[in-house]
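Count residues from 1 along the sequence.
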Amino acid sequence: VRVVKRGEMPMKKKVFVRLAAVALALVADALFIFFVTGLNPIDVYKAMIQGTFSTSMRFSWAMRDLASLLLIGIALAPAFKMRFWNTGAEGQVLMGALATAAVMVYYGGKVPNALLYTAMLVASVLAGALWGFIPAWFKSRWNTNETLFTLMMNYIAMQLTSYFIIIWEVPKGAGKIGIINQDTRAGWLPSIGNDFLLPILVVALMTGLMYIYLRYSKHGYEIAVVGESQRTASYAGIKVDRVIIRTMVLSGSLCALMGFLMTSGIDH
């Protein structure tokens, strides 16, 4: 028996496969709900639909969460295409949010908004890039297990975030933490209709850019080759270590961008 990669599928077959996967997932979930909780799966699904679509506010919340997860998925795409199992998205998002909050706390109202937005964005992207660079460097240098490494870095990011929340809460009632800059709104991204539309537009833009990057750029080609076989990539003259580090820096930076949007554009 010889297993070969499937050729290009017709669009109708692609749609059918995806719809079948969704249907099977709903059936599996229904069985889990019934046997574990004893609830009627149909009633559960109705409650989920009503909780999402019954009011415009609930729908906007769902779109907010969808946009957040989509951007994180986009950020992970290049790393996973390279077969670098980046399980550290949570930590990279947290570091981006922490860097954004730090700039808002210490410089909000002290510098012009344009400069403040720029500093917040740069700080968050650099923090995420660092959180992506560290496991990539260890992987390229000593072939460490990236799944465990990136997972453990999530806990470091959580502890750093908790530490700074405590620092910013002292003295109690100083008003530096919670809703950041609630009175001045310094560092809050402008609303377009509501607080959730701007992040959704950013995600839509990033989706198109990531598709072009992976499909048509030289870097995207190198990522695909390294993902297929690092040995083949080396024979082709691709510097595998450089590709690993560059791709993880990109992945961490985009995760941190979600942290920036969450802190400055969604929940503050």
Side-chain angles (χ1 to χ4, degrees), residues 3-9 14 17-18 21-22 24-25 65-97 124-125 127-157 199 202-234 236 238-262:
V3 179
V4 296
K5 187 175 181 180
R6 185 195 301 271
E8 186 68 20
M9 285 194 298
K14 287 182 179 180
V17 168
R18 284 158 176 77
V22 171
L24 289 173
D65 295 339
L66 176 63
S68 302
L69 293 173
L70 277 175
L71 184 52
I72 294 170
I74 292 167
L76 293 175
F80 274 65
K81 189 175 182 64
M82 189 178 61
R83 301 192 187 281
F84 186 104
W85 311 119
N86 178 15
T87 59
E90 183 177 7
Q92 291 151 23
V93 171
L94 278 174
M95 292 306 294
S124 64
V125 169
L130 175 64
W131 231 241
F133 169 81
I134 293 173
W137 188 78
F138 274 86
K139 174 72 173 180
S140 63
R141 189 74 180 269
W142 291 296
N143 196 31
T144 54
N145 185 304
E146 70 273 13
T147 305
L148 292 176
F149 204 121
T150 52
L151 182 64
M152 293 300 102
M153 289 190 71
N154 287 340
Y155 296 100
I156 299 174
V202 171
V203 171
L205 175 63
M206 294 307 303
T207 302
L209 293 177
M210 182 57 70
Y211 175 79
I212 295 171
Y213 177 78
L214 291 178
R215 190 71 179 261
Y216 298 109
S217 72
K218 178 186 175 183
H219 288 182
Y221 170 76
E222 291 176 344
I223 289 170
V225 175
V226 171
E228 290 293 332
S229 170
Q230 292 190 14
R231 181 173 296 179
T232 302
S234 297
I238 296 173
K239 297 185 182 297
V240 174
D241 293 351
R242 183 181 298 176
V243 173
I244 290 174
I245 292 174
R246 181 183 67 208
T247 304
M248 271 303 294
V249 166
L250 174 64
S251 186
S253 298
L254 291 179
C255 282
L257 179 62
M258 189 64 246
F260 165 77
L261 291 174
M262 288 174 66

For residues Leu76 and Ser251, report the shortest heavy-atom separation together with the two atoms involved.
CA-OG, 3.9 Å
How long is the gap from CD on Glu222 to CZ on Arg242, to the nearest 0.5 Å?
9.0 Å
Any side-chain heavy-atom pair of Glu228 and Val225 under 4.5 Å
no
Quick one: are Met82 and Val243 in side-chain contact, heavy atoms under 4.5 Å?
yes
Taking side chain as C-beta onward, heavy atoms only, is Leu261 less than 4.5 Å from Met258?
yes
Atom CG in Asn145, atom CE in Met152: separation rounded to 0.5 Å?
10.0 Å
If I compare all heavy atoms of Ala136 with all of Ile244, which pair ends up nearest, and what's the gap?
CB-O, 3.9 Å
Minimum heavy-atom separation for Pro135 to Met248, with atom names?
CG-CE, 4.3 Å
Going from CD1 on Ile74 to OG1 on Thr207, what distance comes out if it is rounded to the nearest 0.5 angstrom?
3.0 Å
Distance in Å, Phe133 CZ paired with Phe138 CZ, rounded so as to fall on 0.5 Å steps
9.5 Å
Rounded to the nearest 0.5 Å, what separation is found between the OG atom of Ser140 and the CD atom of Gln230?
10.0 Å
Side chain proximity check, Leu214 to Ile223, heavy atoms < 4.5 angstrom
yes
Going through the distances and angles, do Lys14 and Glu8 end up as a salt bridge (charged side-chain N to carboxylate O under 4.0 Å, His left out)?
CA-CA 10 Å; Lys14 287 182 179 180; Glu8 186 68 20; 2.7 Å; yes
Quick one: are Asn154 and Leu151 in side-chain contact, heavy atoms under 4.5 Å?
yes
Can you confirm whether Phe149 sits close enough to Ile134 that some side-chain heavy atom of one is under 4.5 Å from a side-chain heavy atom of the other?
yes
Minimum heavy-atom distance between Met153 and Trp131, given as atom pair plus value
O-NE1, 3.2 Å
Side-chain heavy atoms of Leu250 within contact of His219, under 4.5 Å
no
Minimum heavy-atom distance between Ala256 and Gly128, given as atom pair plus value:
CB-CA, 3.5 Å
Just by distance, no angles: are the side chains of Thr150 and Thr87 close enough, under 3.5 Å, to form a donor-acceptor pair?
yes
Check whether any side-chain heavy atom of Ser217 sits under 4.5 Å from a side-chain heavy atom of Ile212, and report yes or no.
no
Taking every heavy atom of Ala224 against every heavy atom of Lys81, the minimum-distance pair comes out as CB-CE, 3.9 Å
Approximate separation, where rounding is to 0.5 Å, of Met262 CE and Leu257 CG
12.0 Å
So Trp142 and Trp137, would you call those rings parallel, tilted or perpendicular, with 30° and 60° as cut-offs?
perpendicular
